[in-house]
Amino acid sequence: MDSSYENVIKNLLRNPSSIKTKSQAKQLHAQIVKTRGSRSVSLATIILRIYSDLNLLKESLQVFNTFCYVPTKAFKSVIKCYSCNGYFLDSLACFVEMRGFGKLPGQDVFPAVIRACTHLKELRFGESVHGCVVRFGMESDLYTGNALMNMYAKLQVSSHDCHVFDKIPQSNRFSSQRSNLVSVLYEETRNELIRSEKNHFDTLSGRRVEKGTRLDSVSKIFQMMPNKDVVSWNTVIGGNVQSGLYEEALDMLREMSNANLKPDCFTLSSILPVFARHVDVTKGKEIHGYAIRHGFDKDEFIASSLIDMYATCTRVEDSYRVFDLLPQKDDVSWNTIIAGCVQNGAFDEGLRFFRQMLAANVKPVEVTFSAILPACAHLTTLHLGKQLHAYITRMRFDQNMYIASSLVDMYAKCGKIMTARWIFDRMEVHDSVSWTVIIMGYALNGHAREAIILFENMERERIKPNAVAYLAILTACSHAGLVDEGWNYFTSMSKCGVSPDIEHYAAIADLLGRAGRLSEAYKFITDMPIKPTGGIWATLLSACRVHKNVDLAEKVAKEMTTTDPGNMGPYLLLSNMYSAAGRWKDASKLRTNMKKKGMRKPPACSWIEVRNKVHGFVSGDTSHPYYEQIHEALRDLYERLKQEGYVPEMSEALHDVDEEQKGDLLYTHSERLAIAFGIISTPAGTTIRITKNLRVCVDCHTAIKFISKILGREIIVRDNSRFHHFKDGNCSCGDYW
DNA sequence: TTAGGGTTAG
């Protein structure tokens, strides 16, 4: 080899950071092995450092495993390389091994070790490492300080300490072969290390890190740091935000500016959730403006924070705009826009984004499913829900609490309560949400007793019912007419520290009204400590309709038109009641009034899924390609119903017209069109599932009961308030809705 | 060494 070439090699070895690529590193390594053999420990250490700096774990380990005696520098390189590649457990095991040899760690290794502790949620181990930092006088190192603050800020957020061998996170991607070895090594030395390092820490610093005071630890470290950079500030701000200390986070942001440090991408994406939670779109927009001026708005992190902020502030149109302008979209950007749509009730849009995400070859993750499933639940798109469920099972996401709860809710809302229960029973752990969805599922499907049993089981499992859980059980009681039970739950709420809000009052008003205790319900509403809403009056009005009390209905409708003048619900219900009582003049007067006020009844619409396709029907709609067959089926059905004793109930017909015309109006209702289509396009005996945007009318309700009997089919109708399971001539709602 | 997204609501 000529001397100039030899010089190049020497220079490279003296200045290893000049190696920038994997192939350069491998060439140098090969050259050294070729010319000088592989015995030189110092050369191998330099090569290892080069591989480690380039994050080449496989190559680093190949060199590392050749050492008989491992130099400190080699340990440091491998610890860092493991940590940077996400092999946190191996990183810690290597650190333990290094300490076992009595080698002194330097400030260059601590950030990687602390980062590993943070990812593994190993607070106790992290504290012992902190002890080690203090012991070796490295507290003033900027990177170590930042890493420590990050660790305390993160682990302080989780409510309980989770140790690595209690539950190894899935994200820890070490090989299973190696894991046993590492686990044994780690287990053997871990406790010993924690003991020795922590003793040093406690005696040297005179401080003890107690549970629950870890954000104080962050502040203390921050205050004691001689040098602080943007990362230090970002870490403290982010820690405050994650702990819900929004005002403190904003104060820190101001202080940061006073310290002449400019917010960067990290600062902005940490602070944006503050405005989302405060629903302060004006301040959020200011941040958006700042991001645009500094060219940060194309950053995926900032963009997803902005999308989320606008969606949380119900400005979903602005979310779309940010999303559309984003040149590179990652899975989080997609998940954020999908969740934003679904949370704002834009279910179809959410599904559209979900399909686009798949078309863009972005792989859905757990969050994607818990974001999209509620859309299937609300739209009752069972076929899509089932497809998603199959994918979730294949991906082994089914034990994820968010996903499992969403699946239970989706099946319950699609009327498949047994499937919902099956999933619920197979969940390893239940939280208050999963209990609530199954209880609400039974409530909506008319199984109050089962809901009560589950509510008691939840309390037995020491899961404290929250406001939503109480709402679920009150709904169950009200749907089943269990007045005493409902009242008991209502009165026990406050004792359990959950103050009833308007929905709970509404459930009780519904409960009383349903039981026919109308004046009691009226008094309950007027006496409540919260101002009654239009919705709560509507509940009572509905009860007046069922119990045919026109006088109280007029009184209630009057209350409603004062509290909620734009709502046409009371007009419609009252007008139907006038018609039912034969008071045609009053009914027509009311309708004229509505017209004068520019009120129009929204079109009634029902939909049914047949062979994975959703078919929608609007009242009186003749546009469906199978309309002729549908109409014929309806005619046949009408004849058979009449033979069975069905008499059309004309009381709710909208006009004062002759009986024959009313008959026409009635059998063109959207739910009947959908049911008729279901009958002609599915095999005999199959359950028919219909979803309707408005309340089912009395006549349709009666007719569907007959249909379920004569065809021997179960018909499940989800209207805008509840489920109706029609079977053998009966309905689960007990004729109250 | 720092940042973003998820479940229940008659």
Side-chain angles (χ1 to χ4, degrees), chain A residues 83 110-112 114-115 118 141-151 153-154 229-239 241-242 263-273 276 296 299-309 311 330-340 342-343 365-374 377 400-410 412-413 431-441 443-444 466-472 474-476 478-479 501-504 506-511 514 535-536 538-539 542 720-722 737:
Chain A
S83 188
F110 281 120
I114 297 164
R115 183 165 177 260
T118 312
D141 176 60
L142 177 66
Y143 279 41
T144 305
N146 287 346
L148 278 171
M149 287 196 299
N150 182 46
M151 178 186 77
K154 287 273 161 48
D229 64 356
V230 182
V231 176
S232 325
W233 285 90
N234 288 346
T235 308
V236 181
I237 291 171
V241 174
Q242 277 153 26
D264 64 1
C265 291
F266 287 78
T267 331
L268 299 194
S269 60
S270 298
I271 208 74
L272 272 166
F296 295 155
D299 176 285
E300 282 137 298
F301 281 79
I302 303 268
S304 48
S305 299
L306 283 168
I307 294 165
D308 182 54
M309 185 271 297
D330 65 4
D331 61 331
V332 179
S333 334
W334 285 102
N335 295 338
T336 316
I337 194 72
I338 292 169
V342 175
Q343 286 161 0
V365 293
E366 279 147 302
V367 177
T368 321
F369 293 102
S370 46
I372 197 66
L373 276 167
N400 176 300
M401 188 77 90
Y402 290 96
I403 293 180
S405 302
S406 307
L407 279 173
V408 171
D409 186 51
M410 186 272 295
K413 285 214 170 77
D431 66 353
S432 61
V433 176
S434 52
W435 279 105
T436 305
V437 290
I438 191 70
I439 293 167
M440 187 61 97
L444 291 176
N466 59 17
V468 190
Y470 273 108
L471 193 56
L474 292 179
T475 304
S478 110
H479 284 193
D501 59 30
I502 192 74
E503 269 115 10
H504 302 96
I508 293 294
D510 187 44
L511 184 70
R514 170 189 191 89
I536 204 162
T539 306
S542 200
N720 61 348
S721 74
R722 69 196 61 191
W737 70 101

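Within every chain, numbering begins at 1; the chains are lettered A, B, ... in the order of the sequence lines, protein sequences first and strands thereafter.
- Rounded to whole angstrom, the span from the CD atom of Glu503(A) across to the C1' atom of dT8(B) amounts to 12 Å.
- Taking atom CG of Asp431(A) as the reference point, atom C1' of dT7(B) lies 8 Å away to the nearest angstrom.
- Distance Leu272(A) CG to dT2(B) C1': 16 Å, rounded to the nearest Å.
- A donor-acceptor pair is defined here as one N or O able to donate and one able to accept, closer than 3.5 Å; no such pair exists between the side chain of Ser542(A) and the backbone of Ala538(A).
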### Query
When you look at Asp431(A) and Ser434(A), which way does the side-chain hydrogen bond (donor to acceptor under 3.5 Å, both in side chains) test go after all the steps?
CA-CA 5 Å; Asp431(A) 66 353; Ser434(A) 52; 3.1 Å; yes

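- At the heavy-atom level, Ile403(A) lies under 4.0 Å from base atoms of the strands shown.
- Out of dA9(B), dG6(B), dT1(B), the shortest distance to the side chain of Arg115(A) is found at dT1(B).
- Listed pair Lys413(A) / dG10(B) fails the phosphate criterion, with no side-chain N or O lying under 4.0 Å from OP1 or OP2.
- Contacts of Asp510(A) with the nucleic acid, taken as non-hydrogen atoms under 4.0 Å apart, are absent.
- Residue Val365(A) is classed as a base contact, given a heavy-atom separation below 4.0 Å to a base.
- Donor-acceptor pairing under 3.5 Å, judged by distance alone, is absent between the side chain of Ser305(A) and the base of dG4(B).
- Of the candidate nucleotides dG10(B), dT7(B), dG4(B), dT7(B) has the atom nearest to the side chain of Ser370(A).
- If you check every strand for non-hydrogen atoms under 4.0 Å, Ser304(A) touches a base.
- Nearest nucleotide to the Tyr143(A) side chain, out of dG10(B), dG4(B), dT1(B): dT1(B).
- Nearest heavy-atom pair across Lys154(A) and Gln242(A) is CE-OE1, 3.9 Å.
- Side-chain N/O atoms of Asn400(A) and base N/O atoms of dG6(B) include a donor-acceptor pair closer than 3.5 Å.
- When distances run from any side-chain atom of Val433(A) to the nucleotides dA9(B), dT2(B), dT7(B), the shortest one goes to dT7(B).
- You'll find that the side chain of Val437(A) is closest to dT8(B), out of dT8(B), dG6(B), dA3(B).
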#### Entry: side chain to side chain contact (heavy atoms under 4.5 Å, CB included) between Thr144(A) and Ile114(A), worked out
CA-CA 8 Å; Thr144(A) 305; Ile114(A) 297 164; 3.9 Å; yes

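- Between the NZ atom of Lys154(A) and the C1' atom of dA3(B) there is a distance of 8 Å, rounded to whole Å.
- Contact annotation for Val468(A): base contact, defined as any heavy-atom pair under 4.0 Å involving a base atom.
- Atom CG of Asn234(A) is separated from atom P of dA3(B) by 9 Å (rounded to the nearest Å).
- The two residues Ala443(A) and Ala472(A) have their closest heavy-atom pair at CB-O, 3.7 Å.
- Residue Asn150(A) has a polar side-chain atom (N or O) positioned under 4.0 Å from OP1 or OP2 of dT2(B).
- At distances below 3.5 Å, not a single donor-acceptor pair connects side-chain atoms of Arg115(A) with backbone N or O atoms of Ala147(A).
- Pro273(A) comes within 4.0 angstrom of nothing in the nucleic acid, heavy atoms only.
- Atom pair Ile271(A):CD1 and dT2(B):P shows a separation of 18 Å (rounding to whole Å applied).
- Contact annotation: side chain of Ser270(A) to base of dA3(B), donor-acceptor pair absent below 3.5 Å.
- Side-chain proximity of Cys265(A) to dG4(B), dA3(B), dT2(B): nearest is dA3(B).
- At the heavy-atom level, Met149(A) lies nowhere under 4.0 Å from the strands shown.
- Within the nucleic acid shown, Ala507(A) has no heavy atom closer than 4.0 Å to any nucleic acid atom.
- Following rounding to the nearest Å, Met410(A) (CE) and dA9(B) (C1') show an atom-to-atom distance of 19 Å.
- The two residues Tyr402(A) and Asn400(A) have their closest heavy-atom pair at N-OD1, 2.9 Å.
- One can place CD of Glu300(A) at 17 Å from C1' of dT2(B), the figure rounded to the nearest angstrom.
- When each of dA3(B), dG4(B), dG10(B) is scored by its nearest atom to the side-chain atoms of Asp330(A), the top-ranked nucleotide is dG4(B).
- Dashed line: the shortest gap from a side-chain N or O of Gln343(A) to OP1 or OP2 of dT8(B) is not under 4.0 Å.
- Once the 5.5 Å centre distance and the 30° plane angle are applied, the aromatic ring of Phe266(A) is found stacked with the base of dT2(B).
- The side chain of Ala147(A) lies closest to dT1(B), out of dT1(B), dT8(B), dG10(B).
- At a cut-off of 3.5 angstrom, counting only N and O atoms as typed in the model, there is a donor on one side and an acceptor on the other between the side-chain of Ser405(A) and the base of dT7(B).
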